[in-house]
Amino acid sequence: MKADCSVFKIIITSLALLWALMGNLKPVWAQADTIRLQDKRLMTQVLQPGNRQYLVYFQMLKNKKNLRFWYWIRNTTIENRNGEKVFAINQHWFGSDTLAYRSVYSVNRTADFTPLYHAETINNKIKAYNWSADKIAGADSVKDNTAKNFSLAFKQPNFNWNLDIETFEMLPLAAGKTFVINFYDAGLAPPEYVTYKVTGSEVIATTNNDKVDCWKLFTESEYQGKHYTETYWISKKGHEFLKEEDAFDGGYRYKIKLPMMTPDLMKRFEQ
């Protein structure tokens, strides 16, 4: 739950238990695939430019007459920055009032998804960072940057945790796979490795009851004695994030991709 509940991002190291199909049945532990920037294992060619919109809502089991809603817009473009191709990813989060609004802008190399720049605006306060392989630092060229004095050295390159969805779309997902990803949440605690497991596949129904076969990617954590889980549905054919379901203390959060016929709200705001 990147936008609302960072406790979902606590590292869990887990390995998948496999059973031999022949001979005496013995448990075999599958090796987790560690996803590091320097290994260039992300399939960056499958990350398609375009605008995607999602309905995000919370269901609290103790309150049976109320739901909390967000509207999430994520737009990816390929641009030229200082002579190299980059992914420029704009996110907008809308809630029921202006205080709920937030925007996120991230820049990553198209070659390997290396983070180069990241900025967030929440409650009209901006935090902007220049990101490199060995450190992240506040961007002193950005006006009114409240994170201008921030600096953190890295022991090794890492991925932008704000772009976890894009990262998942580029993973070489397959049955029985376990991935350990070196993520960092800009401006917060040091980077950490987070474990995600492919727990199976599921065919889900979309518009007009069209059936889409998806991989289910799962992660879990413990925080202050409470259990948290996240499950993502990524289409096998298009490598596209279509659905998410998170379970936490007393409630659930859902993200559902809206159909392409959904009006582009940002274009209308710009009119």
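The shown structure was predicted, so the numbers you read here are calculated from the model rather than taken from an experiment.
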Positive for side-chain contact (heavy atoms from CB on, under 4.5 Å) with [X], one of [options]:
X: L47; options: M170, H239, E240; answer: M170
X: P157; options: N182, L37, D134; answer: L37
X: L116; options: N160, N130, V86, N108; answer: V86

Going by distance alone, is a donor N or O of one side chain under 3.5 Å from an acceptor N or O of the other, for N162 and E120?
->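 Note: N162 and E120 side chains meet the donor-acceptor criterion.
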Between Y71 and Q53, a side-chain donor and acceptor under 3.5 Å =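 Side-chain D/A pair, Y71 to Q53: present.
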Under 3.5 Å donor-acceptor, [X] side chain and [Y] backbone:
X: D164; Y: T167; value: no
X: T121; Y: K125; value: no
X: E169; Y: F241; value: yes
X: N145; Y: A128; value: yes

Do R109 and D112 sit within salt-bridge range, that is, some charged N less than 4.0 Å from a carboxylate O?
->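 Here R109 does not pair with D112 in a salt bridge, since their nearest N and O are not under 4.0 Å apart.
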Start with the C-alpha distance between H92 and S103, add both sets of side-chain angles, then the distance that settles side-chain hydrogen bond (donor to acceptor under 3.5 Å, both in side chains), and finish with yes or no.
-> CA-CA 5 Å; H92 297 272; S103 65; 5.1 Å; no
Start with the C-alpha gap between R253 and E230, add the side-chain angles, then the distance that decides, and say whether salt bridge (Lys or Arg N to Asp or Glu O under 4.0 Å) holds.
-> CA-CA 9 Å; R253 185 180 77 159; E230 295 179 357; 5.4 Å; no
